[in-house]
Amino acid sequence: MSEEKKSLNFIEQIIEEDLSNGMKKENLRFRFPPEPNGYLHIGHTKAIGISFGLGEKYNAPVNLRFDDTNPAKEEQEYVDAIKKDVSWLGYQWENECYSSDYFQQLYDWAVQLIKDGKAYVDSQTSEEMAEQKGTPTEPGVASPYRDRTVEENLELFTKMKNGEFEEGEHVLRAKIDMASPNMLLRDPLMYRILKKAHHRTGNDWVIYPMYDWTHGESDYLEQISHSLCSLEFKPHRDLYNWFRDNVFEYSKSAYPLMPKQREFSRLNLSYTIMSKRKLLKLVEEGVVSGWDDPRMPTISGLRRRGYTPASIRNFIETVGVSKRENIIDVALLEFKIREDLNKNANRVMAVLNPVKLVVTNYPEDKEEILIAENNPELDAGSREVPFSRELYIEREDFKEEANRKYFRLTLGKEVRLKNAYIIKGESCVKDDEGNITEIHCTYDPLSKSGSGTEESKRKVKGTLHWVSKKHAVAAEVRVYDRLFSDEAPDGHKDKDFMEFLNPDSLKIINAFVEPSLVSSKIGERFQFQRLGYFNVDDDSTSDKLVFNKTVGLRDTWAKVNK
RNA sequence: AAACCUGUGAUGUAAUGGUUAGCAUACAAGACUUUGACUCUUGUUGUAUAGGUUCAAAUCCUAUCAGGUUUACCA
């Protein structure tokens, strides 16, 4: 075994350092903490890949924790979808946790903080508090309620909990430092009153803990060793530590380990958006058919589009982890799915833009069964494909005449029909408007694929895919293009991302596919030879096949042609 | 403006003071080909800038410049 020294990313380096400084390997524990307020997208797979990847690397447990502290936005539907997506990616969590499971413990600790003079009830409006907050360059000023007595605070907080106040009347604040250069330390809110039913705790609570108070303490309760999140939480780290250090004093015997937060840069993908709020807008305004629309950058959208878990995981691994802002080219994602499908998808023939081809010297009634290899990359066997006198080929594969660069069918030139015969263009039939309605050709009976004859070994420059007209199966093919025409749709200050929507992001095509596909099942993936990779959509039925175009093949001819 | 973070080809990432700055994608040329795919070969562009420390700097120091984050009863 070549012990190639694998370079570590900065998070792995931190862990290695902690380990060499005495942290026990069995104390390593990670978590992925989504808020159930939307569907997971490709950006989340980075966070998932980092924490679950570390779990796999160090054989450490990883919790799936739902950060459900805002009942106004969260729903069970999202919890279910998130679980499905993480599982689909192939990760297994140790425990399914909910921040809401810790509401009582959080409350008890908050009471202790009040008793220690480290938290107080503020009774101002949010506007008043915002005014007192100061700015990055000027310190804030203390709330008039900052020095309430412990007894008063305790009484007020209890009443808040008991529902004796309305939303907005009071909040609980941590008493830290109104002059801190870190705005988050200027007496941050710990609790607010929210009279909304929670998807798990129902109406048990009318006060809900804020993110900063909840998140770190949830990490602490679960004894997470490394709490990994994206860069925008960097300023929260001081607060994370403040809460953690205080609570640790109350509970160190029960919970002896202190987690630490570290931050990495989030993933951005060109030609798409990653904000849950904006994705929700696309769904709500009907721009897409739902969270799982194949054009969406959601995991469910990619799944429906035909992406494999392996391709997404490879993508994340290749992207790496760092602390700098980045925009990753979608071409890399597309490369990863092609790489996977090239190896694993069976090849079939389908014609998306059909024109009739008549083999004039082929007997009218004759039908032949030809053998086609399923996947040259794999030992995947072969299948039978019917051939007859009348076929469909792609309209783009014929020109009456063309230059030497054009390898396809022209009048007087030979090409091979994949898995079948070599044919020669003879003539074509046009309608009144000059559109080609039928192409006539002749075939060389001795040139049959795999027959071993001299004629069959003849080199011809072009090979076309085709389907037999009589045996062809009609199918709907949904061809997708990028949802946005701009590389960074939400990166413009003066323009809304909706302005960059690509009007041609979905084309519905009535195509003909080879008969072997009638038995294909939802989710199955194929390479339509010379076209791209396609999968069977959820909408597909035995009466009406529906395919999604996952991604096209690399097409150097299209580039030359431009 | 303040504090904090970040600057390596077109994109992403590696090199942890010690070879001609590596890998992947992208792009280009060629070979192969019953997929203009795949595969293979070759090539293209890079350490933000200016100083300094050192025998030696992408790496350490200083300044400058550029970008990002923070001023929610969201997470």
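Per chain, numbering begins at 1; letters A, B, ... match sequence-line order. As a basis for the values below, the full set of heavy atoms in this structure was taken, side chains included, without hydrogen atoms, waters or symmetry mates.
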Using the aromatic ring of Tyr211(A) (for Trp, its six-membered ring), decide whether it stacks on the base of rA75(B) within the limits of 5.5 Å and 30°. no
Please work out if [X] contacts a base, only the sugar-phosphate, or nothing of the nucleic acid, heavy-atom cut-off 4.0 Å.
X         : answer
Gly462(A) : nothing
Tyr406(A) : base
Glu167(A) : nothing
Gln124(A) : base
Phe233(A) : base
Lys459(A) : sugar-phosphate
Arg338(A) : nothing
Phe407(A) : base
Ile327(A) : sugar-phosphate
Lys133(A) : nothing
Arg416(A) : base
Leu553(A) : base
Pro376(A) : base
Asn37(A)  : nothing

Just by distance, no angles: are the side chains of [X] and [Y] close enough, under 3.5 Å, to form a donor-acceptor pair?
X         : Y         : answer
Arg31(A)  : His226(A) : no
Lys448(A) : Thr453(A) : no
Tyr421(A) : Glu368(A) : yes

Do any side-chain nitrogens or oxygens of [X] fall under 4.0 Å of OP1 or OP2 in [N]?
X         : N       : answer
Arg192(A) : rA75(B) : yes
Arg554(A) : rG36(B) : no
Ser265(A) : rU6(B)  : no
Thr556(A) : rA37(B) : yes
Lys461(A) : rU34(B) : no
Ser322(A) : rU13(B) : yes

Between rA56(B) and rG43(B), how many Å separate the two C1' atoms, rounded to a whole number? 31 Å
Between the base of rA75(B) and the side chain of His236(A), is there any donor-acceptor pair under 3.5 Å? yes
What I want to check is whether an N or O donor and acceptor connect the side chain of Glu232(A) with the base of rU70(B) at under 3.5 Å. no
For Tyr191(A) and for Tyr533(A), locate the closest nucleotide of RNA chain B by heavy-atom distance; then report the residue assigned to the nucleotide nearer the 5' terminus. Tyr533(A)
Ring geometry between Phe534(A) and Phe528(A) (parallel below 30°, tilted from 30 to 60°, perpendicular above 60°): parallel
Salt-bridge contact Asp101(A)-Arg200(A) (side-chain N to carboxylate O under 4.0 Å): yes
Partner of Asp490(A) under salt bridge (Lys or Arg N to Asp or Glu O under 4.0 Å), chosen from Arg277(A), Lys281(A), Lys278(A): Lys278(A)
Can you tell me the pairing partner of rA1(B) across any strand shown, Watson-Crick or G-U wobble, with both distances under 3.5 angstrom? none
Considering every strand shown, what is the Watson-Crick or G-U wobble mate of rG17(B) when both distances are under 3.5 Å? none
Would you say that more than 12 heavy atoms from the other residues, nucleotides or ligands in this model lie under 6.0 Å from the CD of Glu317(A), or not? no
